[in-house]
Every structure is written in structure tokens, then in C-alpha cells.
There are 2 protein chains.
Amino acid sequence: MTTSAPSSSLDFALDRTSPVPLYYQLAQQLESAIEHGALAPGSLLGNEIELAGRLGLSRPTVRQAIQSLVDKGLLVRRRGVGTQVVHSQVKRPLELSSLYDDLEAAGQSPATRVLRNEVQPASAEVAAALGIAEGSDVIVLERLRLTHGQPMAFLCNFLPAGLLQLDTAKLEATGLYRMMRSAGITLHSARQSIGARCATVDEAERLEETEGAALLTMQRTAYDSTGRIVEYGTHIYRASRYAFEFQLLVRS
Amino acid sequence: MTTSAPSSSLDFALDRTSPVPLYYQLAQQLESAIEHGALAPGSLLGNEIELAGRLGLSRPTVRQAIQSLVDKGLLVRRRGVGTQVVHSQVKRPLELSSLYDDLEAAGQSPATRVLRNEVQPASAEVAAALGIAEGSDVIVLERLRLTHGQPMAFLCNFLPAGLLQLDTAKLEATGLYRMMRSAGITLHSARQSIGARCATVDEAERLEETEGAALLTMQRTAYDSTGRIVEYGTHIYRASRYAFEFQLLVRS
DNA sequence: GGATGCATATTGTCCGGACAAATCGCCTGA
DNA sequence: TCAGGCGATTTGTCCGGACAATATGCATCC
């Protein structure tokens with residue numbers, strides 16, 4: 001009773017004249033069918049060879065589409081059995097959140113207040129974190145993130161100078177990561193550490209909390225696609241108003 | 001100066017009689033060459049077609065090997081340029097840790113004390129989290145994790161009864177996830193939420209902390225490969241002794 | 001009735017080739 | 001000297017096929 005009958009034939013519309021790859025078109029339509037409920041959880045997808053024939057594609061192309069959804073955690077393949085939709089309560093794996101803080105705050109009327117935005121020589125600690133020489137110019141950024149008009153987090157970031165032009169007004173409007181992407185910096189990976197501690201007097205005042213209140217701390221080092229360090233940050237969140245949520249995928 | 005000359009020819013030994021796939025053999029040897037330093041960061045890998053010819057493999061096979069390392073974040077491919085080793089300070093991406101708590105505690109003389117291990121009817125909250133009917137039998141597990149002889153975390157877990165036989169002695173020796181894997185349960189994904197709060201009197205006593213000390217809280221729902229919920233847990237960590245560290249990979 | 005073995009279905013691996021798209025360097029021309 | 005175009009290089013996409021490995025269900029045999 002866990003596996004349903006092989007799914008009925010869904011019609012996927014593929015556009016061979018489009019510049020977007022066929023396997024990607026198929027993957028997107030499969031994903032939307034799953035999210036939409038047209039493909040029920042636990043249902044079999046029908047074998048690849050037949051599916052390929054029906055869509056006028058080759059098996060490798062169909063496999064590439066399916067594989068991308070397997071990597072996303074939406075499908076599971078079992079040899080000798082077939083490919084079935086994962087029977088998950090949580091729709092939309094949400095992927096890796098908490099990298100784009102902005103996204104989580106979406107729908108919560110978020111706002112950012114830039115408290116500091118200047119170039120300074122790097123301290124020993126910052127230089128080590130960024131992998132540059134001590135005393136090199138770095139952009140120092142201090143921001144206060146607000147939701148519903150109340151402080152939620154205090155963000156302190158350091159970037160190698162010359163990497164980017166950071167206009168304060170634009171920063172408050174669009175966010176740091178969006179500006180980096182616009183500048184041609186493609187983020188690749190980030191190393192994070194999440195901890196907690198009690199608020200000091202200064203921190204409490206800045207975040208409108210009481211002294212000793214629980215705070216979430218996060219340190220992050222971000223790398224671009226070539227492995228260069230492009231950002232180092234220390235963030236402090238009010239635990240009463242914020243939590244990190246994310247999904248882990250276990251590689252088989 | 002960022003890209004070195006095309007890497008010299010490394011000799012990879014492929015065993016066609018082995019049951020382990022060729023692309024996997026190649027991927028492993030490439031990875032070890034990278035970790036080992038034989039392939040310097042930033043160096044080009046040489047084009048796929050030539051590499052395939054030199055190894056006596058087809059291009060799809062070589063591509064499959066390379067792609068797996070790209071997914072791991074060790075390599076970067078650029079059309080018209082080539083494939084190069086990512087120039088990363090952090091060797092070993094560490095992948096997704098914090099799922100196997102045990103692994104992090106490794107080398108810290110970890111120990112586990114099982115405080116509770118019994119079957120009980122599920123409360124409304126637990127039933128909802130596990131996606132089962134209220135009142136169904138669930139295994140209730142309470143454990144204290146110690147390092148260096150001091151408490152580090154208090155772990156409370158719930159599992160659907162009948163899924164697994166949990167021997168207390170073995171649990172203290174090997175850990176929950178290892179026992180689940182031994183029982184044929186293959187973990188697939190998990191949804192986590194990390195927050196913080198101040199310790200209550202009871203919590204402080206249990207963890208040998210002072211009242212009001214900062215605690216890290218973690219809630220997790222784990223799914224097996226078919227999407228079934230196999231575990232729900234609420235964990236509390238002493239912030240003074242623990243932090244979550246992990247690496248995020250941004251999907252392009 | 002139960003265990004063993006076989007046929008079938010399905011994905012996993014691998015091959016060889018073809019053309020398109022993007023990037024970079026070089027050459028030409030103004 | 002600088003701008004633009006051209007070609008070479010390399011990865012991206014896609015095809016068609018072949019055989020192997022694994023899981024399932026059925027028939028047979030004890």
C-alpha cells in the first residue's frame with residue numbers, strides 16, 4: 001500500500017527551439033507536477049525508456065532530468081523497482097536557506113539600517129579570516145535588521161576593499177548578497193558556525209533586549225566560485241524573534 | 001596568475017574487473033589527489049576528451065566523475081576555459097555535519113548516558129511531528145551526552161514504535177543513527193530548526209549550568225529514503241561548550 | 001505449505017559520436 | 001594605439017545503443 005500504481009501519462013510540453021535545455025524543461029515540469037499534486041507522493045514515475053519514447057527524448061536526457069530532482073530530494077530511484085515521488089510531508093525542501101537572510105524575512109516587512117559603511121585597515125583577526133595581509137583595506141559594514149519595526153539582528157561584515165562598490169542607500173534597499181551578485185561575484189560555498197550566548201549591556205541596548213537575554217550568534221566565511229574569500233561576517237540574532245531553519249540532505 | 005598551467009599527467013589506476021564503477025574510481029582518485037596536494041588549487045585539469053583518451057575511458061564516464069566532484073564543491077567547470085581545482089582554504093568541505101552528532105564529538109572522548117528508553121502513547125504534539133495518530137506507541141528516548149566527563153547536551157527523541165529495537169547498552173555504545181542504519185533504515189533528509197534560550201532551573205541542574213545560561217536548542221525531523229518520518233527530536237546544548245559548524249553549498 | 005530457482009522489469013554503467021555555446025587569444029583594420 | 005572580428009579551445013547538451021546489477025513476482029519442487 002506504500003507504492004501506488006504507475007502514474008498515468010502526464011503531458012509535458014517541451015520546446016526544442018527554446019535555449020533552455022530539454023532536461024531542465026522536463027525537470028521543472030516534473031517538479032511543478034509534484035508540488036502541484038499531479039504526481040502523488042509514493043507514486044511511480046513510469047520507466048525511463050518508455051517515458052523517453054513518449055516525450056521524444058533519449059534516455060540520457062530523461063535520466064539527467066530525473067537525477068536533478070533526485071539530488072533535490074524530490075525523487076527516489078530504486079533499481080529493479082522504478083522511480084517514485086518521495087513521500088514527504090514537507091513540500092518544497094526549502095533547499096539551503098539562511099544564506100540569503102533576506103529571503104527568510106520575506107513577508108515580514110523587513111528593513112535594514114546601515115550603521116556603518118567605511119574602509120579601514122584590517123585587524124589581525126579580520127585579516128586572518130579573509131586570508132589577506134594585516135593592515136590591508138577592508139570594507140567594514142554594520143547593519144541592523146528590523147522586522148515589524150523592531151530590531152531582529154545586528155550584522156557585522158567585512159569584505160576585501162576593491163571587490164565591490166557599496167552604496168549605502170542601495171544596500172538598505174536590496175541587501176548585500178544581491179549587490180555582490182550584481183557585481184559579478186558568484187557565491188559558491190560558505191562555512192558557518194552557529195552558537196549562542198547571553199546579551200551584554202551594549203548588545204541588549206542595541207537590540208532592544210534585556211541584559212542576559214539569549215542571543216543566537218553566527219559567523220560566516222563565504223567563498224566565490226574560484227575559492228576566493230569574499231566575505232566574513234559576525235551576526236547576532238535575538239533568539240526570541242529568530243531561529244535558523246534548514247533542510248539537510250544525506251548523500252548516499 | 002590565478003590559473004596555473006594545465007596539470008601534468010597524473011597516472012590513475014583503473015580496475016575494470018572491480019565491481020566499483022569506473023567513474024567512481026576516477027572520482028575517488030581525483031579527490032585524493034586534490035586532498036593530497038598533487039593537484040594544486042587553481043590548476044586546470046586538462047580537457048575531458050584528452051583525459052578520457054589517456055585513461056581509456058569515454059567522455060561521458062569522465063564527465064560523470066568530474067561532475068560528482070563539482071557537486072561536492074571541489075572542482076569548478078567553466079565553458080571555454082576548463083575544469084579547475086577550487087582554490088579553497090578549507091580542505092575537506094566537511095559536507096553536512098551536525099546530523100551525526102557523534103562524528104563531531106569524535107576525538108573528544110564522548111559518552112552517552114541513557115536516562116530513559118521506553119514505549120509510550122504519543123502526545124498530540126509528538127504525534128503531529130511524527131505524522132502518526134495520537135496515542136500510537138512511540139519510543140521515548142532521553143539521553144545525556146558528555147564530553148570530558150561533563151554534560152554537553154540533553155537529547156530527547158521520539159521514534160515510531162516497531163521501527164527498531166533499541167537496546168540501551170548498545171545505544172550508549174554506538175549512537176542512535178548507527179543503530180538505525182544497522183536496522184536497514186537509510187536516512188535521506190532532515191528538517192532542522194536551531195534557536196536559543198536561557199536555561200530554566202531544571203535544565204541548568206541537568207546540564208550543570210547556572211540558571212539563565214545561554215542554551216542552543218535544536219529540533220529535528222528526519223526522513224528515510226521513502227519520505228517516512230523516522231525520528232523527531234528536541235535537543236538542548238550548552239552554548240558554552242558547543243556550536244554548530246557546517247558548510248553550505250550554493251547551487252548554481 | 002514453504003523454500004528454491006527462474007523470468008521479467010527497471011535502473012546503473014559505459015560507450016561513441018555530433019553539434020551548440022561560451023570564452024579567450026590573436027589578428028586585422030581603423 | 002585601440003576596437004572589432006575571427007578562430008581555436010573547451011565544456012554543455014543530446015542522441016542511440018549495449019550490457020550488467022538488482023528487485024520483484026511467479027512457478028516449480030520438496
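In what follows, chains carry the letters A, B, and so on, assigned in the order in which the sequence lines appear, proteins first and then strands, with residues in each chain numbered from 1.
- Interatomic distance, CZ of Arg143(A) versus CG of Asn117(A), reported as 9.5 Å (0.5 Å rounding).
- Proximity note for Arg59(A) (side chain, C-beta onward) versus dC24(C), dA18(D), dT13(D): the nearest is dA18(D).
- Rounded to whole Å, the distance from CD on Gln67(B) to P on dC14(D) is 14 Å.
- Counting non-hydrogen atoms of neighbouring residues, nucleotides and ligands closer than 6.0 angstrom, the CD atom of Gln165(B) reaches no more than 12 such neighbours.
- Across all strands shown, Ile49(B) has no heavy atoms under 4.0 Å from either base or sugar-phosphate atoms.
- Arg78(A) has its CZ atom 12 Å from the P atom of dT11(C), to the nearest Å.
- Between Thr61(B) and dT13(C) there is no side-chain N or O to OP1 or OP2 distance below 4.0 Å.
- One interatomic measurement links the two molecules: CG of Leu14(B) to C1' of dC14(C), which rounds to 13 Å at whole-angstrom precision.
- On a pure distance criterion of 3.5 Å, no polar donor-acceptor pair joins the side chain of Arg16(B) and the base of dT13(C).
- Taking atom CG of Leu44(A) as the reference point, atom P of dT10(C) lies 9 Å away to the nearest angstrom.
- With rounding to whole Å, Leu51(B) atom CG is found 17 Å from dG16(C) atom C1'.
- Side-chain proximity of Pro21(B) to dG12(D), dT23(C), dT13(C): nearest is dT13(C).
- At least one donor-acceptor pair closer than 3.5 Å links the side chain of Ser68(A) to the backbone N or O of Ala65(A).
- Side-chain contact between Met218(A) and Phe244(A) is present, with at least one heavy-atom pair separated by less than 4.5 Å.
- Nucleotides of DNA chain C nearest to Gln64(B) and Arg79(B) differ in position, and the one nearer the 5' end is that of Gln64(B).
- The Arg63(A) side chain lies nearest to dT11(C) when the options are dT11(C), dT23(C), dT11(D).
- Distances were taken from every side-chain heavy atom of Asn47(B) (C-beta onward) to each of dC15(D), dT11(D), dT23(C); the shortest belongs to dT11(D).
- Taking side-chain N and O atoms only, Tyr23(B) has no distance below 4.0 Å to OP1 or OP2 of dC14(C).
- Counting to the nearest Å, the P atom of dT8(C) and the CD atom of Glu50(A) are 19 Å from each other.
- As rounded to whole Å, 13 Å separates atom C1' of dG16(C) from atom CG of Leu57(B).
- If you measure from atom CG of Leu45(B) to atom C1' of dT10(D), you get 13 Å, rounded to the nearest angstrom.
- Taking every side-chain heavy atom of Ser58(B) into account, dC15(C) is the closest of dT13(C), dC14(D), dC15(C).
- Taking for each of Glu48(B) and Pro60(B) the nucleotide of DNA chain D with the nearest heavy atom, the 5'-most of the two is the partner of Glu48(B).
- At a threshold of 4.5 Å between non-hydrogen side-chain atoms, the residues Gln67(B) and Arg77(B) count as touching.
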